[in-house]
Amino acid sequence: MTNRALSQSPVQRYLERLHAELRQIRGGELASYIPELTRANPDWLGIALVTVDGHVYQVGDSREPFTVQSISKAITYGLALEDRGLDTVLGKVGVEPSGEAFNSISLEQDTGRPLNPMINAGAIASTGLIADDAGSAPLDRILETFGRYTGHAMSVEEQVYRSESETGHRNRAIAHLLYGYGILERAPEAVLDLYFRQCSILVTARDLALMGACLANSGVNPVTGVIALQQRYVDKVLSVMSSCGMYDYSGAWVFNVGMPAKSGVGGGIMAVLPGQFGLGVFSPLLDPKGNSVRGIEACKRISNEFGLHLFNVAHATSSSVVRQCADGAHLHSRRYRAASERAALEIGGARIRIYELQGELLFGSTESITLRMLDALDEADYLIVSLKRVVGLDSASIALLGDMCTAAETGGKHVFFTDCGHLYALRRYLQKQLRSRQSPQWLEFAETDRALEWCEDALLPDTAAGEDAGDDLGRQYLCAGLSAAQIALIGEAGTERRFSAGETIVRTGEPADSLYFILDGRAESWLEPAAGSEPGAARRLRLTTLGPGMVFGEVGLLGGQRRSANVSAESDLRCLQLKFDAVDGDLRERMLVNMAAHFAEMLQERAALMQQLA
Ligand code: GLN
């Protein structure tokens, strides 16, 4: 059975909550100066978000078609730039915000040049610049261009087009004025007709989000891979959107929302967070400036709640935030496991997934990686996320990771963040969010290896027979092939020793004179951190943890050795200490052969691991 909490992305859940909240907002009015627009249903509310990876999220009336209106201005401006080049277009249309209403007649005094392409005057001038000698009619070229942005064929809503054409006296006046100044070189009626039709192209909130995602993705449609706009003009279009896209609300918009955006009187808003996503909102009730009331609110909340202001994210998103991923069948903790346990992990270990992330986590990259990790949790129960190589995260990423944990835990899964001592904001957030967790606090795992060990331990009682009886020396690898009499001899020659948790048993550099068979409890072998290692590095480097049925210190049997590592009791520990001088002749030879075979096997495992990591 798939778990809904898991299969749903945090972004989808967020948008659903946002949609429910925004539905309560009732202010605003339908645009009435184009009579046909009053036929819209004031309740409609659709929100869509498309990431630069091509993930599409949508809620509510996101598939409801409506006319694009002024949002078309951004698209036709881009097309005019492609057709005529920057200089020609700049000669006809400026890039200064007018701070005036969309239908203002803001032209430069002497030249008649409209102030910018986002007000009607500049948009009509831009439409007039679209090539009409390029093999197909300008309207077809506009529709084809829209189609590259949306990934499907586009059409004009005839009623709205006719309604505007019959009543658009102000736009008519503007077009004639532009013609008088020589800004329009073609008959004003033809250009106007094209402009009215471009405004009446039908789109959905999903289309707007995808159009925005093309602009966020350097002009390439992230779903189809088609180039919607040549890359060199993407920043130009986004610039005029950010300074002029919301008419006389543009300054406050950049200030409050910080995403280049374009609104239309049909009720749509297309917003762009470069490098990350496009956002499309549709709700036809407008404020007095002609912007969708709920649309503005949606953008504001998304921006503020996730800290997505354009100027918050100075760095491009890296699409490769996953440095490595592995599962517990292939990657083992340094805890030394008995053969039966290793065999069990080989089968059950896939229920542990380990992701090592790197670089800077921003909304866009984190969104796609949380999805991947939640997907992985469909088949796994334990997720370890190592953040050692993550240099920073924005508040959106923190929220997404936190939400992923909540979803995972609701589904009965465990998530651990490791090596995140340097990410203070994340630690604070998680501490607050996850206080009620039943599994150990993520903070206990300064190291990935410890988290992995915990997960293995949690898995093993399910899959393996548990820990081997330590008291049976015959099961020690060192004793393989020995006769019962020889084993009994060892039992007699050895001394039983008890150590309490934390006690150190052997120290690096000491002469080696005995080996220890572990009968009960766990021992950890470890090294001091290398001189000059980073401050804040782990207090000590764990080499391995050994349990009942295992032995340490046996390497000294090779002769003349000093201890090469420290060994401490990790829990209360009971061992059988065997002095080397009690081991001679046949017994010693047998043990040396066993040791050689054992080390050969370990070398093979290392090689396999390295192959895995390569
Ligand atoms: N077609 C409309 C006009 O020119 C577009 C206006 C708008 O969406 N702001 O009046």
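Whatever order the structure lists ligands and atoms in, that order sets their numbers, starting from 1.
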**Prompt:** Between the main-chain N or O of Leu129 and the side-chain N or O of Arg84, is there a donor-acceptor pair closer than 3.5 Å?
**Reply:** yes
**Item:** Donor-acceptor under 3.5 Å (Asp403 side chain, Ala399 main chain)
**Value:** no
**Tyr247 and Phe102 aromatic ring geometry - parallel, tilted or perpendicular at 30°/60° bounds** = tilted
**Request:** Could you check atom 4 (O) of ligand 1 against the protein and tell me its nearest heavy-atom contact, residue, atom and distance included?
**Result:** Tyr195 OH, 2.6 Å
In ligand 1, which numbered atoms sit nearer than 4.0 Å to a non-hydrogen atom of [X]?
X      : result
Ser70  : 5 (C), 6 (C), 7 (C), 8 (O), 9 (N)
Gly264 : 8 (O)
Cys199 : 1 (N)
Tyr33  : 2 (C), 3 (C), 5 (C), 6 (C), 10 (O)

**Message:** Using a plain distance cutoff, I'd like to know if Lys73 has any nitrogen or oxygen under 3.5 Å from a nitrogen or oxygen of ligand 1.
**Reply:** no
Side chain, backbone, both or neither: which applies to [X] and ligand 1 if a contact is any heavy-atom pair less than 4.0 Å apart?
X      : result
Asn120 : side chain
Ile71  : neither
Glu164 : side chain

**Whether Phe196 lies under 4.0 Å from ligand 1, heavy atom** = no
**Message:** Using every non-hydrogen atom in the two residues, find where Arg186 and Asp132 come nearest and quote the distance to one decimal.
**Reply:** CD-OD2, 3.2 Å
**Asked** Taking all atoms of both residues into account, what is the closest heavy-atom pair of Ser263 and Gly290, and its distance?
**Response** OG-O, 4.4 Å
**Message:** Assess whether a salt bridge exists between Arg162 and Glu36, defined as any Lys/Arg side-chain N lying under 4.0 Å from an Asp/Glu carboxylate O.
**Reply:** no
**Item:** Arg148/Glu144 salt bridge by N-O under 4.0 Å criterion
**Value:** no
